[in-house]
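First the structure, in the form of structure tokens, and then the observations on it.
Proteins come first, then strands; the chains are lettered A, B, ... in the order of their sequence lines, and each starts at number 1.
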2 protein chains.
Amino acid sequence: MPEFLSDNKKYYTPVEYVFSKIGGTYKMPILWRLKDKIVRYSELKKSISNVSDRMLSKNLKELCSDGFLEKKIIAEVPVRVEYSITEKGNNSIPIISALRDYGFSLMEKDGINKK
Amino acid sequence: MPEFLSDNKKYYTPVEYVFSKIGGTYKMPILWRLKDKIVRYSELKKSISNVSDRMLSKNLKELCSDGFLEKKIIAEVPVRVEYSITEKGNNSIPIISALRDYGFSLMEKDGINKK
DNA sequence: CCGGATCCTTTTAGATACTG
DNA sequence: CAGTATCTAAAAGGATCCGG
């Protein structure tokens, strides 16, 4: 197995590297929602089921610092924060789309229905 | 967010469903190694860095029971166990391949070199 | 409105020892 | 050779409270 280093952390596969950047429960859902529009925090919160503020803000912060998203603070009262996708973020959309398609086909073959 | 049920577990996205089946640290590496050949347990163990017997056998068992792999026990002395990929498993290869490609491109842009 | 800080629970994975 | 069993450690995620 090959082996790479980043941030003093070891990675053994490129797939593992992908997941370190956009893996986890919420990052792909976030990117997917931002793929063609600017969305504010509270809208993301509403549209992603069950996400806690802790996880949402943590994931947004990481996606921003990894260059997938941009954050814009609009100093109104009350404050308003908008998130948008970057070019780097947009490059992740095709793979997320492919994962979704594969997921739907898997679910169909496994006989899973929308609830 | 949509919502699905399988095994009394809730899934919110098709991507999440994919990861429940072939996610985690070792499942994709296993599938990738079996994509074009039959491999025995000890060979998998050697070729996947740092995997413990516990994790390897656990993941192999799940991949088998989810229909991605087949297991064949050859009653020699000492015993010999071969794992092969099924058609269902093979359907996962394109997405793994795409993830690998995306991973390599991400790594390159992030300036990561083989160690 | 947007989240940071803290604490807690759950899930995942590593270490070690042992068996048919 | 190919695992299982047990225990522990680490990572991910959830709940709640609070502050600019």
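Under the 6.0 Å distance and 45° angle rule, B:Lys45 does not count as a cation-pi partner of B:Tyr41.
Atoms OH (A:Tyr26) and P (D:dG13) sit 7 Å apart, rounded to a whole Å. B:Ile73 places its CD1 atom 10 Å from the P atom of D:dT4, with the value rounded to the nearest Å. We find that CG of A:Asp53 is positioned 16 Å from C1' of C:dC7, with the value rounded to whole Å. Rounded to whole Å, atom C1' of D:dC1 lies 14 Å from atom CG of B:Leu60. The distance between atom CG of A:Leu56 and atom P of C:dC1, rounded to the nearest whole Å, is 14 Å. The distance from atom NZ of A:Lys9 to atom P of D:dA12 is 8 Å, rounded to the nearest whole Å. For the pair A:Met55 CE and C:dT11 P, the interatomic distance rounds to 14 Å; values are reported in whole Å. As a whole-Å value, the separation of B:Arg80 CZ from D:dC1 P is 12 Å.
No hydrogens or angles considered: a donor-acceptor pair under 3.5 Å links the side chains of A:Asp110 and B:Tyr17. Looking only at atom types and distance, the side chain of A:Arg33 has a donor-acceptor partner in the side chain of A:Ser47 under 3.5 Å away. Counted by atom type alone, B:Tyr26 and B:Asn50 present zero donor-acceptor pairs between their side chains at under 3.5 Å.
Nucleic acid contact for A:Arg54: base, since at least one base atom lies under 4.0 Å from a heavy atom of the residue. Base engagement by A:Val79 is indicated by at least one non-hydrogen atom pair under 4.0 Å involving a base atom.
Of the residues near DNA chain C, A:Pro78 and A:Lys61, the one whose nearest nucleotide (by heavy atom distance) lies more toward the 5' end is A:Pro78. When each of A:Ser52 and B:Ser42 is assigned the nucleotide of DNA chain D bearing its nearest heavy atom, the one mapping closer to the 5' terminus is B:Ser42.
Using a cut-off of 4.0 Å between Lys/Arg side-chain N and Asp/Glu carboxylate O, A:Lys10 and A:Glu3 are scored as salt-bridged.
In this structure, A:Lys71 reaches the C:dG3 phosphate: one of its side-chain N or O atoms is under 4.0 Å from OP1 or OP2. In terms of phosphate contacts, A:Ser57 brings no side-chain nitrogen or oxygen within less than 4.0 Å of OP1 or OP2 of C:dC2. Proximity of A:Lys45 to the phosphate of C:dC1: no side-chain N or O atom is located under 4.0 Å from OP1 or OP2. Using a 4.0 Å cut-off, some side-chain N or O of A:Tyr83 falls inside it from OP1 or OP2 of C:dG3.
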